[in-house]
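Okay, so here's the structure we're looking at.
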2 protein chains.
Amino acid sequence: MTLELKIQPLRYVLAVVEEGSFHGAAKQLHRSQPALSMAIRDLEERLGQPLFEKSQKGQLTPYGEYCLPRFRELIKQHDRLAADLQHVALGQQGRVTLATVPSVASRLMPEFLAAFIAEYPHININLHDENAKFVCRMVANGEVDLGISSVWAQDERLSYTHLFEDNIGVVLHRDHPLANRKSLQWQELKEERFIANGTSRLLEKTAAASLVDNNDFYISNMISLIAMLEAGSGITTLPRLAFPVDNRKLCFVPLSEPKLVRQIGIIKLANRSLSPSAQALEEVILKRLTAVRS
Amino acid sequence: MTLELKIQPLRYVLAVVEEGSFHGAAKQLHRSQPALSMAIRDLEERLGQPLFEKSQKGQLTPYGEYCLPRFRELIKQHDRLAADLQHVALGQQGRVTLATVPSVASRLMPEFLAAFIAEYPHININLHDENAKFVCRMVANGEVDLGISSVWAQDERLSYTHLFEDNIGVVLHRDHPLANRKSLQWQELKEERFIANGTSRLLEKTAAASLVDNNDFYISNMISLIAMLEAGSGITTLPRLAFPVDNRKLCFVPLSEPKLVRQIGIIKLANRSLSPSAQALEEVILKRLTAVRS
DNA sequence: ATTTCAACATAAGCATAGCTTATCAAAACT
DNA sequence: AGTTTTGATAAGCTATGCTTATGTTGAAAT
């Protein structure tokens, strides 16, 4: 019952008015002249009033004059929408939100994001850094599109795409007797003062668990932790990525027994697909990471 | 190249979201379920992104969430426009402008307009009264949609639809010796003081022309003219319709020799069709006038 | 006047868009 | 496990929207 207008015949009308004739309009639109005649006649019948004068060819009726700017308006709105949706679909426009653990945020994201904004300059980016647990929670709650983190716990709602492994090692002062070793076993650390940190959870339920368990020192703040270690007041374990690259006073020695790694990967909602912008970012990250490997 | 959206598939998407399933939406839209599946798949392909999650049935993707309110907006605009155009086309909305000679404006239009606004309460009306020459000019200039007047001059651009004839008669004081006659010949008026008025042009080039030609009195204002005649200061001629109906002091006696009439009709632009509102008004006038006749 | 031309309308035919019914496959209830 | 409910797929029909070819008409040219 409610009249349904198609966009295309409206364009035909505009073209005819613009060109002043059906012939010219047909040429402009790469259509045959009868195609326009028929489409416009159909439109006129739907509306219940002629748009063009039957006698004076190519001339609008008063009703046509009334319709014309309104047709223009609808077409304009249609085209704006179509362009916008297409942009967003292609990931050329939009917003991505992601959360990563601090080490990834500071060591990897700068490069990833630089590559990303080079390719998709009109996408807004929103980066949070939080610990692994919070990253997962933010993804699960839909607060961010993506997370990059180690898996905190099995969660039905989340999907995990592996990116790389990050070796866990001992961080100690460069003057420490064990500082020049190629690798260390946990037993060698039993007598050291162990300072736990946010990443120490990774030792839980491993052979090295007792390092953390029987321990009273815990410093969550990375700056404080580093300062403590630089002062030679103890040792800790960190994933390699979390170890500050150009630190002159500290050494990173991988643990060989047990060999520990944290799995870093992309966390997404399992039952939800990504927004086009988020897809674009994920793609860039994956491409970038495999490029570095090879 | 520029993506062309059709309105209907967008409605399908809205319905699926609203109903929460393709089946429910299909029922609501009186379509089969595959019709929706296919239409929406096609739309997704055009956009380049899925709108619904493939796993979780009837659930929007983030891209779908982005699109949904925009689809709603376009559909709303489409529907508003369609309804508006249809209203205007049916003459249920709009504006008519018309110009008539004063006698028609005061004696006939009140009834016509009452009938018109009863049938089309939402159309705006704009009524000018002007002399016949001006009425024609206003129509010719497109200042009004319609005119009701006697034809002023042959004009290529104007079309004339005859409505009725208006007899011309002599207007004189009720106490005048000729006042009780059934009709008069112009020769009987030769000795009278003739006061010309705006309608005296109608005598030009008729047998009675000399009444006007050899005459120094001319009063264009109807009120003044009537007052002059009521004072017994002369006589004039008027079309019957221009003679004030319930005047107690004056008489109207038709001219029989020559028998003179003015032709009253509808004046339109010849090469332009009427707006739907104007069509509606013309129709009401014609119907009303033939109804009165029969 | 007659011809000619340029415009739109009409007709016939074809490809495809958009629908239907029937059937399948997978997920969600019972 | 069996049943129901969901969306996807297939085959087939019809209407839409286009094409080319041919009328028709009114205005300009001869």
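Just so it is clear, the structure is predicted and the values come from calculations on it, not from any experiment. So that the names make sense, note that chain A is the first sequence line, chain B the second, and so on, each numbered from 1.
Residues A/Tyr160 and A/His162 bring a donor and an acceptor atom of their side chains to less than 3.5 Å of each other.
Residue contacts for A/Phe52: at a heavy-atom cut-off of 4.0 Å it reaches no nucleic acid atom on any strand shown.
Look at B/Glu65 and B/Arg70 and you find no salt bridge, because none of the NZ, NE, NH1 or NH2 atoms lies under 4.0 Å from a carboxylate O.
Taking only side-chain nitrogens and oxygens, B/Gln8 never comes nearer than 4.0 Å to OP1 or OP2 of C/dA17. Regarding contacts with the backbone of C/dT10, a side-chain N or O of A/Arg41 is found under 4.0 angstrom from either OP1 or OP2.
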Find every protein N or O atom lying less than 3.5 Å from an N or O atom of nucleotides 24-30 of chain C, and list the pairs.
none

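A/Leu5 pairs in a side-chain contact (heavy atoms from CB on, under 4.5 Å) with only one of the listed residues (B/Asp79, B/Ile7, B/Leu85), which is B/Leu85. Checked against B/Leu158 for a side-chain contact (heavy atoms from CB on, under 4.5 Å), the options B/Ile267, B/Val151, B/Asn271 give a single hit: B/Ile267.
The span of DNA chain D lying next to chain A, judged by atoms under 4.0 Å from heavy atoms, is bounded 5' to 3' by D/dG17 to D/dA21.
Side-chain proximity of B/Ser32 to C/dC19, C/dA9, C/dT21: nearest is C/dT21.
The aromatic ring centres of B/Phe22 and B/Phe52 sit less than 6.0 Å apart.
Not counting sequence neighbours, B/Lys27 has no partner by the side-chain contact (heavy atoms from CB on, under 4.5 Å) test.
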